[in-house]
Trainee: 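Sharing a structure here in C-alpha cells format.
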Amino acid sequence: MLIQVASGHLKTDRALLISYKELWRKISREKWGQARGHQIAGIVFPISVFEIMHNRPPLNELVVTKRKRVSADNWEKTKRGLEKQAKRTVTYHSHDEAKEACWHYWGQEAASKNTDREAEEGCQQDRSVTFRQRNSYLIAERKRKDDHACQACGFRLEVNRTFIIDCHHRYPLANGQGIRITGIDELMCLCPTCHRISHTRKPNPLNDDEICELRGIVRGSKAMVAGSR
C-alpha cells in the first residue's frame, strides 16, 4: 500500500502522502483514535527497516500527521532508530529528503513497468496539485528542447511512440524549503540509468560531466541512440 502511495497509484487526501488516520481506516475496521498512531508506527517502522536493509528509501516517511502533514518524530530520532535496527547508515539528511527519495525510487519503478506517457510523467510529482500541473508543462518543454535524449550519455529510445527519458532537477526540491519557482534551465533530460547515477551523491546530485566520467563516456562522442520499436 505504501508503495502505491509513493508511486501515486493510491488516491489519498494529499498526493504521495497518507495520514495515520487514512492508513488506519484502510487496514482496520476498528474505530480510529489518536492512540492508534502508535500501532501504525509499529507497523510501518519495521517495513522501513526492511527497505533500508535492501538499499531502498524508508516508506514510513510517507505516513504523516493529518494536521501538519509531516512525520511525527524528529528526523534525528527516526534516523537513529532505522540505523540501529537495520544496522546500516541512513544517508538522508531530513524527512523531506527521505520523502523525495521514496517518490523518485518508486516512481521510477512504476515507469519501468508501464510505458504510457502519463505513467512516465508521474515519476516527478510535486507536493501540490497546482505546481504538479505547472511542472508537467515545463517537463514536456524540457524534453522537447533536449530532443528526448539523455544529456549525459546521449541515449534516446522511443517505445510504442513513448520516449524513455526522465526529466532531472539540477537542484533537487528536497534541498530547499517550501515552494519555489523552477526555471526550464534548471531541468535536464537524463536516461533512467544516468538519472539513478546522478542521485548517488547527496544532497547535490552529480552533473552530466561527472556522470560521463563515471561511465567512461567521452564528450562529443555520444552515440548511444537506440531505434524505435
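Given the structure is predicted, the values throughout are model-derived calculations rather than measurements.
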Trainee: Quick check on Glu141: does its CD atom have over 12 non-hydrogen neighbours (other residues, nucleotides or ligands) under 6.0 Å away?
Mentor: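 It does: Glu141 CD has more than 12 such atoms within range.
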
Trainee: Take His168 and Ser198, measure what side-chain contact (heavy atoms from CB on, under 4.5 Å) needs, and give me the verdict at the end.
Mentor: CA-CA 9 Å; His168 168 67; Ser198 176; 3.4 Å; yes

Trainee: As a quick check of understanding, evaluate salt bridge (Lys or Arg N to Asp or Glu O under 4.0 Å) for Lys79 and Glu76, giving each step before the final call.
Mentor: CA-CA 5 Å; Lys79 180 180 177 181; Glu76 289 304 318; 5.0 Å; no

Trainee: Could you give all pairs that pass the salt bridge (Lys or Arg N to Asp or Glu O under 4.0 Å) test and reach residues 34-47, with sequence neighbours left out?
Mentor: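 Qualifying pairs, neighbours excluded: Glu30-Arg36.
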
Trainee: As a quick check of understanding, evaluate side-chain contact (heavy atoms from CB on, under 4.5 Å) for Glu22 and Val63, giving each step before the final call.
Mentor: CA-CA 9 Å; Glu22 280 183 285; Val63 185; over 6 Å; no

Trainee: Quick one: are Ile18 and Leu2 in side-chain contact, heavy atoms under 4.5 Å?
Mentor: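 Ile18 vs Leu2: side chains touch.
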
Trainee: Within this structure, what is the CE-OG distance for the pair Met53 and Ser48, rounded to the nearest 0.5 Å?
Mentor: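 Rounded to the nearest 0.5 Å, the CE-OG separation comes out at 13.0 Å.
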
Trainee: I need the Glu97 CD to Thr91 OG1 distance, nearest 0.5 Å.
Mentor: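 Output value for this atom pair is 7.0 Å.
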
Trainee: Do Leu16 and Ile40 belong to the same hydrophobic cluster, where Ile, Leu, Val, Met, Phe, Trp and Tyr are linked whenever their side-chain heavy atoms lie under 4.5 Å apart, directly or via other members?
Mentor: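 Cluster IDs for Leu16 and Ile40 match.
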
Trainee: Taking all non-hydrogen atoms of both residues, which atom of Cys167 and which atom of Ile139 are closest, and how far apart?
Mentor: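 The answer is CB-CG2, 3.6 Å.
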
Trainee: What's the spacing between Glu158 CD and His148 NE2 if we round to 0.5 Å?
Mentor: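 The CD atom of Glu158 sits 8.5 Å away from the NE2 atom of His148.
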
Trainee: Considering all heavy atoms of both residues, which atom of Ile165 and which atom of Ala149 are nearest to each other, and what is their separation?
Mentor: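 So the minimum-distance heavy-atom pair works out to CD1-C, 3.8 Å.
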
Trainee: If every non-hydrogen atom of Trp24 is compared with every non-hydrogen atom of Lys31, which pair is closest and at what distance?
Mentor: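 Scanning both residues, the minimum pair turns out to be NE1-O, 3.6 Å.
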
Trainee: Side-chain contact, heavy-atom cut-off 4.5 Å: Glu61 with Trp75?
Mentor: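 When only atoms from C-beta onward are counted, Trp75 and Glu61 do touch, with a gap below 4.5 Å.
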
Trainee: Can you give me the closest heavy-atom contact between Lys26 and Lys11, atom names plus distance?
Mentor: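 Smallest interatomic distance, heavy atoms only, reads NZ-O, 4.4 Å.
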
Trainee: Give me the one residue out of Arg144, Arg142, Lys143 that meets salt bridge (charged side-chain N to carboxylate O under 4.0 Å, His left out) with Asp146.
Mentor: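 Result for salt bridge (charged side-chain N to carboxylate O under 4.0 Å, His left out) with Asp146: Arg142.
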
Trainee: A side-chain contact here means heavy atoms from C-beta on lying under 4.5 Å apart; do Val64 and Lys99 qualify?
Mentor: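 Yes, their side chains come closer than 4.5 Å.
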
Trainee: Nearest 0.5 Å, what's the CD1-CD1 distance between Ile47 and Ile52?
Mentor: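 Here the interatomic distance stands at 13.0 Å.
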
Trainee: Hydrophobic clustering (ILVMFWY, side-chain heavy atoms < 4.5 Å, transitive) - are Leu59 and Trp103 grouped together?
Mentor: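 They do share one cluster, since a chain of ILVMFWY contacts under 4.5 Å joins Trp103 to Leu59.
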
Trainee: Examine Ile27 and Ile3 and state if one hydrophobic cluster contains both, with Ile, Leu, Val, Met, Phe, Trp and Tyr joined whenever side-chain heavy atoms are less than 4.5 Å apart.
Mentor: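 Both belong to a single hydrophobic cluster.
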
Trainee: Test of understanding: clusters of I, L, V, M, F, W, Y form through side-chain heavy atoms closer than 4.5 Å, transitively. Do Trp32 and Val5 belong to the same one?
Mentor: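 Both belong to a single hydrophobic cluster.
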
Trainee: Output all residues satisfying side-chain contact (heavy atoms from CB on, under 4.5 Å) with Asp209, sequence neighbours left out; order by chain, then residue number.
Mentor: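 Residues passing side-chain contact (heavy atoms from CB on, under 4.5 Å) with Asp209: Asn207, Arg219.
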
Trainee: Going by the rule side-chain contact (heavy atoms from CB on, under 4.5 Å), which residues pair with Thr193 if we only count those two or more places apart in sequence or in a different chain?
Mentor: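 Per chain and number, Thr193 pairs via side-chain contact (heavy atoms from CB on, under 4.5 Å) with Cys191, Ile197, Arg215.
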
Trainee: List for me each residue that meets side-chain contact (heavy atoms from CB on, under 4.5 Å) alongside Gln85, sequence neighbours excluded, and say none if there are none.
Mentor: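 With neighbours one apart ignored, the set is Phe45, Val49.
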
Trainee: Are the side chains of Thr78 and Val90 in touch, meaning some heavy atoms are under 4.5 Å apart?
Mentor: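 Not in contact.
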
Trainee: Any side-chain heavy-atom pair from Leu187 and Arg170 closer than 4.5 angstrom?
Mentor: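 Not touching, per the 4.5 Å side-chain cut-off.
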
Trainee: In Å, rounded to the nearest 0.5 Å, how long is the span from SG of Cys150 to CD1 of Ile211?
Mentor: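 These two atoms lie 6.5 Å from each other.
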
Trainee: For a quick test of reading the model, state the closest non-hydrogen atom pair linking Cys212 to Ala152 and the distance between them.
Mentor: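 Between these two residues, the closest heavy atoms are SG-O, 2.9 Å.
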
Trainee: Measure from the side-chain N and O atoms of Ser19 to the backbone N and O of Thr65, and report whether any donor-acceptor pair falls under 3.5 Å.
Mentor: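 The answer is no, because no donor-acceptor pair under 3.5 Å joins these two groups.
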
Trainee: Identify the two heavy atoms, one from Cys102 and one from Ala6, that lie closest to each other, and give their separation to 0.1 Å.
Mentor: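 Heavy-atom minimum between the residues: O-CB, 4.0 Å.
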
Trainee: If you measure from SG on Cys189 to NZ on Lys145, what distance do you get to the nearest 0.5 Å?
Mentor: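 Answer rounded to 0.5 Å: 11.5 Å.
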
Trainee: With a 4.5 Å limit on heavy-atom distance, are the side chains of Tyr92 and Pro58 in contact?
Mentor: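 Of all side-chain heavy-atom pairs linking Pro58 with Tyr92, at least one is under 4.5 Å.
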
Trainee: Applying salt bridge (charged side-chain N to carboxylate O under 4.0 Å, His left out), can you list everything that pairs with Arg201, at least two apart in sequence or on another chain?
Mentor: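 Partners of Arg201 by the salt bridge (charged side-chain N to carboxylate O under 4.0 Å, His left out) criterion, ordered by chain and then number, come out as Glu210.
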
Trainee: Decide yes or no for Leu23 and Val44: does some side-chain heavy atom of the first lie under 4.5 Å from some side-chain heavy atom of the second?
Mentor: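 Touching, per the 4.5 Å side-chain cut-off.
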
Trainee: Does a side-chain heavy-atom distance below 4.5 Å link Arg196 with Leu190?
Mentor: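 No. Closest side-chain heavy atoms not under 4.5 Å.
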
Trainee: For the residue pair His104 and His195, does the interplanar ring angle fall in the parallel (under 30°), tilted (30 to 60°) or perpendicular (over 60°) class?
Mentor: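 His104 and His195: perpendicular rings.
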
Trainee: Not counting sequence neighbours, which residues clear side-chain contact (heavy atoms from CB on, under 4.5 Å) with Arg56? List them please.
Mentor: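 Here the qualifying residues are Phe50, Glu51, His54, Tyr105, Trp106.
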
Trainee: Would you kindly confirm whether Ile217 and Met188 end up in one hydrophobic cluster when ILVMFWY residues are joined by side chain heavy atoms under 4.5 Å apart?
Mentor: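 No; tracing contacts between hydrophobic side chains, which count when under 4.5 Å, never links both residues.
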
